[in-house]
2 protein chains.
Amino acid sequence: MRETSGGGKRPTVKDVAAAAGVSAPTVSRVLAGNYPVAPATRAKVLRAMKDLDYVVNAHARGLAGATTKTVAFVVDDVTGPFYAYIARGVEQQAASEGRLCLLCTTHGDPEREFAVVELMREQRAEAVILVGGAWDNEVYKERMAYFAKALDKSGSHLVLCGRPSLGEGVPALVVQYDNVGGSYGMTAHLLSAGHRVICYLGREVGLSTSDERIEGFRRAHADHGVELDERLILPGRFQIDDGYALTKRLLAERDDVTAIFAGTDMVAIGVLKALREKGIRVPEDMSVVGFDDIPIAAELTPALTTVHVPHEQLGREAVRLALRRSEGAATDRIVLGTHIVVRDSVAPPRRQRS
Amino acid sequence: MRETSGGGKRPTVKDVAAAAGVSAPTVSRVLAGNYPVAPATRAKVLRAMKDLDYVVNAHARGLAGATTKTVAFVVDDVTGPFYAYIARGVEQQAASEGRLCLLCTTHGDPEREFAVVELMREQRAEAVILVGGAWDNEVYKERMAYFAKALDKSGSHLVLCGRPSLGEGVPALVVQYDNVGGSYGMTAHLLSAGHRVICYLGREVGLSTSDERIEGFRRAHADHGVELDERLILPGRFQIDDGYALTKRLLAERDDVTAIFAGTDMVAIGVLKALREKGIRVPEDMSVVGFDDIPIAAELTPALTTVHVPHEQLGREAVRLALRRSEGAATDRIVLGTHIVVRDSVAPPRRQRS
DNA sequence: GTGAAAGCGCTAACAG
DNA sequence: CTGTTAGCGCTTTCAC
């Protein structure tokens, strides 16, 4: 680890080869380690590398054919806990398989998502992982299918993580979690507790995740023979503020609701805040549940009953699936389970109790 | 956007050149756009690129001399809100300057941090941004200084974001925020409210961030002529669980504490939980403050009084500084201010009030 | 304006 | 086991 006084340029394999009195390929071989090299020469080469403070040039390596060792993941926004935990899974698995992570954000803009995928094509990432809900329209699906094919053609993989498949024949891998089931289970839980007027708060129109959660909500009502007032499904984004504002409005508009199913835990935080301000106790006066089971959910007052989503595992599986696929595995779809976590934010409805 | 039926290989500049009836350099020139090309030829080339669905190979480009257009940022863990918000700033600024982001995590392990910086050297990232507190010991500083020099020599920049300089003469950029000032201000706030026995909860020994916050805590006490009982500074990590466990222990050990200064907002969440379980009201029976001002802080019960840190701006400035520096700017250090945000978790101590 | 030639740093065939 | 010879895809000189 001696200081090299050298000029501005970095040493190359050639320099190392010269210093060690061998040829460039030999240096390359000790670098790769997957080829027999005499212990003596190997030592000399290693020595020279240390002396020159040599580091390979990843780009040259990538060009020359050796694989890129890079996976890309693209999310809406890193600060959302949902994405953050998936990102952690992705990063961990990638690191443990010797891959680097490229991170891109789209801020919910499909145009930017396309642009980003194109960039990843330039980077020749081994896998491009698209995280979170997708836009459920044909134009979008077709364009993305195009990218899936393009990536596939150049030996790369598109992974849809937490979003639905692009259809038969599109070369994309899917790592899903059971939105419908989780939502169904939670709704059934509320229904079983005696609630009959449940508000679903935070429907992002056209977003696959949201649509699936609402489907579970609907099905549970149907299976329990409870008629669902469509006006109880309130549109809104998946943020704290939306939960807050929508709850305020809901409270102003009707007083028969006994439970609120928030589209995400973040939404639920806003709901709880609004209720607290109005002096409405949870769960005595109103039951509140969320979706995601982000760590904060357990720390809220009251601790939030919610649907657990295996975020980290989702991220990990996305990377594994893509890398295994490159090695010839046939699996192209994984669905992880979800389950409800009962804490303190649900009670039977008020009127039934008194 | 027509489908190209081609084999498994990607089209290259040569292919495009052939299809357009020009030479490879010409294609390169329209790609770069920074060189005069006849409108007619440019059109032909553009056309050919579309037809072949051509995308440049970022590695080949990187090799041939054009800059890498990549910044790396390395954090402890993406799921920590502190890091997540800085990450968002970094990513946004990078994207807006046409750069890609490489994300690496270290899980608080210095060894891994060194390994990661080495990897970034291979990648030839334009900037390597190290985020969050650093280990305040000489061996660490020396090794990192070595990397700073190595990066500098190859035209790249090391940026220390939210951590102290490595010393004079080390070619590293620094983007800091005022830990000492924020902590001082908050402590003064508590002292002014009448608190005399304040517990500082969550000291990560040897971590620069933690040390600085405690320094502010000390100074404020000194300036206000209040003697500080060293046993009131409790060691612990910056997590929810630590806040919870330490508070439990604190409560069991002494009953003269009237305010708790949590090392971070996350720690404060744990503190609030423990107090709630014990039936201790905040702020009536105990004042609680945090550090960071993560968005959740405003949603807690009660809303948390805390020190605001400009996370996103920190990330953005880190990228800007590095990129400007490459363009010849002289600045190598930026310090952003912090300030306290008063919400509902502080009140005068109980005994004074009654 | 555009083409021809050369080379970025590395690895993958082949020989020997 | 190791050296020689090519070539990855792109961008640069430098001529024309």
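Residue numbering restarts at 1 for every chain, and letters A, B, ... go by the order of the sequence lines.
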With B:Tyr35, which residues qualify under ring-ring contact (aromatic ring centres under 6.0 Å, His included), at least two apart? none
Where does the angle between the aromatic ring planes of B:Tyr140 and B:Phe114 fall among parallel (under 30°), tilted (30 to 60°) and perpendicular (over 60°)? tilted
B:Asp53 bridged to A:Lys149 by N-O distance under 4.0 Å: no
With no hydrogens and no angle check, do the side chains of A:Gln176 and A:Arg333 hold a donor and an acceptor under 3.5 Å apart? no
The residue among B:Glu113, B:Glu118, B:Glu138, B:Glu111 that forms salt bridge (charged side-chain N to carboxylate O under 4.0 Å, His left out) with B:Arg143 is B:Glu111
Backbone N or O of B:Thr12 within a donor-acceptor pair of the B:Asp15 side chain at under 3.5 Å? yes
Should A:Val128 and A:Leu130 be marked as a side chain to side chain contact (heavy atoms under 4.5 Å, CB included) after you check the CA-CA gap, both sets of side-chain angles, and the distance that decides it? CA-CA 6 Å; A:Val128 178; A:Leu130 262 30; 4.0 Å; yes
Overall bend - the helix from C:dG1-D:dC16 to C:dG16-D:dC1, comparing terminal axes fitted on five pairs, nearest 10 degrees: 30°
Using a 4.0 Å heavy-atom cut-off to protein, can you give one letter per nucleotide of nucleotides 7-15 of chain D, 5' to 3': B if the base is in contact, S if only the sugar-phosphate is, - if neither? -BBBBB---
Main-chain N/O of A:Leu323 paired with A:Glu97 side-chain donor or acceptor, under 3.5 Å: no
Under 4.0 Å between a side-chain N/O of B:Ser23 and OP1 or OP2 of C:dT2, yes or no? no
